[in-house]
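Read the numbers this way: they start at 1 and go in the same order the structure lists the ligands and their atoms. If you're wondering where the values come from, they're calculated on a predicted model, not measured in any experiment.
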Amino acid sequence: MTSEYPFFFTWTAQSGAKPFELTGGDGAHFTTADGARWLDLGALSYQVNAGHGRTRIVEAIKRQADQLCLSAPNAVYPAKVELAQRLLAMAGPGFERGKVFFTLGGAEANENAIKIARQVTGRLKLISRYRSYHGASMGAVALTGDWRRPAAEPALAGVVHVQDCYCDRCPFGQRVETCKRECATNIGATMALEGARSIAAVFLEPVPGANGVLVPPAEYWPLVRAACDEEGALLVADEVLTGFGRTGKPFGFQHWNVTPDLITVAKGLASGYATIGAVIVSEKIAKHFDDQVLACGLTYYAHPLACAAALETMKLYDDEKLYDNAARLGPVLRKELDAVAARLRVKSFVRGQGLLAALEVEADGEAWKKLGAELSQAKLSLHLDPKRGTAIFAPPLCITETELVSGIRAFGDAAVAAFGGVA
Ligand SMILES: Cc1ncc(COP(=O)(O)O)c(C=O)c1O
């Protein structure tokens with residue numbers, strides 16, 4: 001049976017859709033039409049970093065609508081200029097004289113990053129990982145390694161997938177204390193196997209998010225950077241999910257003292273208050289297009305309402321020091337999840353960086369269904385991925401410690417009811 005609604009729900013058979021009528025919210029909570037108030041431990045789709053009901057962002061959109069509501073790709077206005085300046089400043093060294101290409105979301109950001117990388121290098125091939133999600137459009141879904149890719153194949157020629165930095169279940173059969181970081185060195189080896197100087201770019205989420213919060217070992221990013229430099233390949237940090245403080249730093253890659261060549265963003269950029277994404281490119285990449293045509297474009301490029309929303313969101317992050325809050329609460333989230341894991345009868349792993357964490361549990365489909373029902377009862381919203389055996393936590397960055405602790409403890413009760421507790 002299909003749903004009663006005259007539109008599609010995404011990533012599901014329509015008979016299996018679980019609609020909910022969102023009415024509003026405040027801070028770390030959202031409300032639904034039945035009068036319920038949910039604790040949002042997933043920031044809706046990992047996007048509401050600033051929190052719910054942020055009137056100052058809404059007011060900024062209204063002010064912009066009164067001033068200028070229409071645009072054209074080549075039009076210039078203050079919000080567009082200031083937003084690009086802020087993004088380049090946030091990207092840090094190497095990006096001071098870079099440039100920003102605006103998009104409407106994350107997939108489009110990766111789509112255009114592919115095109116830019118191919119245009120700059122003159123090469124075709126791309127490397128990404130199996131446990132990754134880069135978006136649903138043809139190029140982005142081709143980069144994607146997870147279950148969402150096969151239905152679109154053959155999507156884009158030249159994408160090579162490699163194994164992940166999945167330390168709890170190392171695909172190279174290693175233990176983290178003794179391994180030689182094969183997950184990273186394998187990327188260099190794959191480049192050589194694919195043919196010398198054939199790889200245009202390597203696309204990586206700094207911490208793969210929806211695929212299980214696979215926090216890499218400290219050497220991972222520096223090793224991949226070195227492999228890219230050796231081959232002349234570009235390194236693209238897909239910060240669509242991890243950007244804007246999610247991991248406790250402005251950008252996720254900033255944990256490892258490396259500089260990517262391109263950065264793709266969306267989600268937290270305007271915190272879901274408007275649809276906007278971007279590709280942020282370093283000076284080196286920007287310079288290429290001084291005299292070469294940038295063969296990329298969009299009608300709604302840098303729409304004024306979206307730029308105003310993003311600009312105000314970035315100011316809010318600064319004013320409320322929300323990235324610091326994510327860094328401060330990260331260890332609290334980990335500690336609480338470790339306590340949940342200790343209560344469970346089943347084998348489990350906890351991983352996390354900042355306010356992005358996963359609990360991986362070995363349990364069957366029925367147990368996961370029960371967990372969903374228990375969480376619904378407790379009015380806790382988070383991302384459950386029974387296919388991967390993970391519950392993923394990514395609350396708004398404005399969540400308080402009290403809300404976080406009580407939320408994770410309530411999650412623990414639900415998990416014990418679903419998976420069974422220790423005797
Ligand atoms: C890492 C990453 N990249 C890209 C995307 C795609 O973004 P969008 O849904 O805005 O197209 C997502 C969405 O979840 C994501 O998590």
Peer 1: If we ignore hydrogens and angles and just use 3.5 Å, is the side chain of His134 paired with the main-chain N or O of Leu204 as donor and acceptor?
Peer 2: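 Such a contact is absent between His134 side chain and Leu204 backbone.
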Peer 1: If you look at every heavy atom in Val361 and Ser348, which pair is closest and at what distance?
Peer 2: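 So the minimum-distance heavy-atom pair works out to CG2-CB, 4.1 Å.
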Peer 1: Which heavy atom of Leu126 sits nearest a heavy atom of Ala200, and at what distance?
Peer 2: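 Shortest heavy-atom contact: CD2-CB, 4.2 Å.
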Peer 1: At a 4.0 angstrom heavy-atom cut-off, what protein residues surround ligand 1?
Peer 2: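 If the criterion is a heavy atom under 4.0 Å, then ligand 1 touches Gly105, Gly106, Ala107, Asn110, Tyr133, His134, Gly135, Glu205, Asp238, Val240, Leu241, Lys267.
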Peer 1: Under 3.5 Å, is there a donor-acceptor pair between the His29 and Asp40 side chains?
Peer 2: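 Per modelled atom types, His29 and Asp40 side chains form no pair under 3.5 Å.
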Peer 1: Can a side-chain donor-acceptor contact be found between Thr313 and Tyr273 if the only test is distance below 3.5 angstrom?
Peer 2: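 Side chains of Tyr273 and Thr313: no pair found under 3.5 Å.
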Peer 1: Less than 6.0 angstrom from the centroid, inside 45 degrees of the normal: does Arg148 satisfy that with respect to the ring of Tyr133?
Peer 2: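 Checked: cation-pi criterion met.
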